[in-house]
Amino acid sequence: MGPATLLARASEAAFQRLGDETVIVLPLTRTLHVLNPTGRFLWEALEEGPRTAAVLADLLAGTYAVDPPTALSDVLAWASELRRQRVLLEAAPAR
């Protein structure tokens with residue numbers, strides 16, 4: 001996975017905002033995932049559709065005043081973990 005990886009929410013992921021966190025449930029696997037405020041920010045950035053890791057990092061850097069290399073590293077780590085758990089998917093580019 002790299003900056004150009006296009007990321008999307010798993011269509012079966014149900015979620016609920018609870019305070020500063022977001023709880024995501026995958027019914028098929030009966031798993032529950034809790035996102036902290038930063039994870040919630042990134043999750044909500046995917047609400048309108050797939051975005052690249054680089055775009056998410058730019059949004060993160062601009063909102064949280066994080067330097068761009070750190071933001072990209074953080075996004076890639078977050079996305080890798082959620083892809084492993086099948087909460088995020090690598091999306092195919094639009095044609």
Side-chain angles (χ1 to χ4, degrees):
M1 177 177 351
T5 302
L6 193 59
L7 299 165
R9 294 175 176 179
S11 61
E12 65 273 8
F15 65 96
Q16 178 69 45
R17 295 173 184 101
L18 299 172
D20 289 340
E21 298 176 330
T22 294
V23 177
I24 302 169
V25 177
L26 293 176
L28 295 175
T29 60
R30 297 182 183 182
T31 56
L32 177 85
H33 309 278
V34 179
L35 302 178
N36 65 19
T38 305
R40 176 181 180 166
F41 172 82
L42 294 170
W43 179 257
E44 289 177 352
L46 294 170
E47 188 167 5
E48 294 179 17
R51 293 187 182 210
T52 65
V55 168
L56 292 173
D58 287 345
L59 291 170
L60 186 65
T63 301
Y64 287 95
V66 176
D67 65 273
T70 300
L72 181 57
S73 176
D74 290 350
V75 167
L76 291 174
W78 174 81
S80 291
E81 180 60 23
L82 290 185
R83 279 183 62 206
R84 186 183 69 72
Q85 297 174 9
R86 299 183 182 169
V87 174
L88 288 181
L89 306 172
E90 188 170 337
R95 294 184 185 220

[X] side chain near [Y] side chain, heavy-atom distance below 4.5 Å:
| X | Y | value |
| --- | --- | --- |
| P3 | T52 | no |
| T38 | W78 | no |
| E81 | V87 | no |
| E12 | L26 | yes |
| I24 | V34 | no |

Got a second to check how far [X]'s [atom1] is from [Y]'s [atom2], nearest 0.5 Å?
| X | Y | atom1 | atom2 | value |
| --- | --- | --- | --- | --- |
| L82 | L88 | CG | CG | 4.5 Å |
| T5 | L76 | OG1 | CG | 7.0 Å |
| R51 | L6 | CZ | CG | 11.0 Å |
| L89 | R83 | CG | CZ | 8.5 Å |
| N36 | D20 | CG | CG | 9.5 Å |
| E48 | E44 | CD | CD | 11.0 Å |

Table please: side-chain donor-acceptor pairs of residues 54-69 below 3.5 Å, with sequence neighbours left out.
{"unit_1": "T63", "atom_1": "OG1", "unit_2": "L59", "atom_2": "O", "d": "2.9"}
{"unit_1": "D67", "atom_1": "OD1", "unit_2": "T70", "atom_2": "OG1", "d": "2.8"}
{"unit_1": "D67", "atom_1": "OD2", "unit_2": "T70", "atom_2": "N", "d": "3.1"}
{"unit_1": "D67", "atom_1": "OD2", "unit_2": "T70", "atom_2": "OG1", "d": "3.0"}

Shortest non-hydrogen contact from A10 to R86? CB-O, 3.4 Å
Atom of V23, atom of L32 and distance for their closest heavy-atom approach: CG1-CD1, 3.0 Å
More than 12 heavy atoms of other residues, nucleotides or ligands under 6.0 Å from CZ of R9: yes or no? yes
Please evaluate residues V75 and L42 with respect to the criterion side chain to side chain contact (heavy atoms under 4.5 Å, CB included), reporting the C-alpha separation (whole Å), side-chain torsions for both, the decisive distance (0.1 Å), and the verdict. CA-CA 8 Å; V75 167; L42 294 170; 4.0 Å; yes
Validate the cation-pi geometry between R40 and F15: distance from NZ or CZ to the six-membered ring centre under 6.0 Å, angle to the ring axis within 45°. no
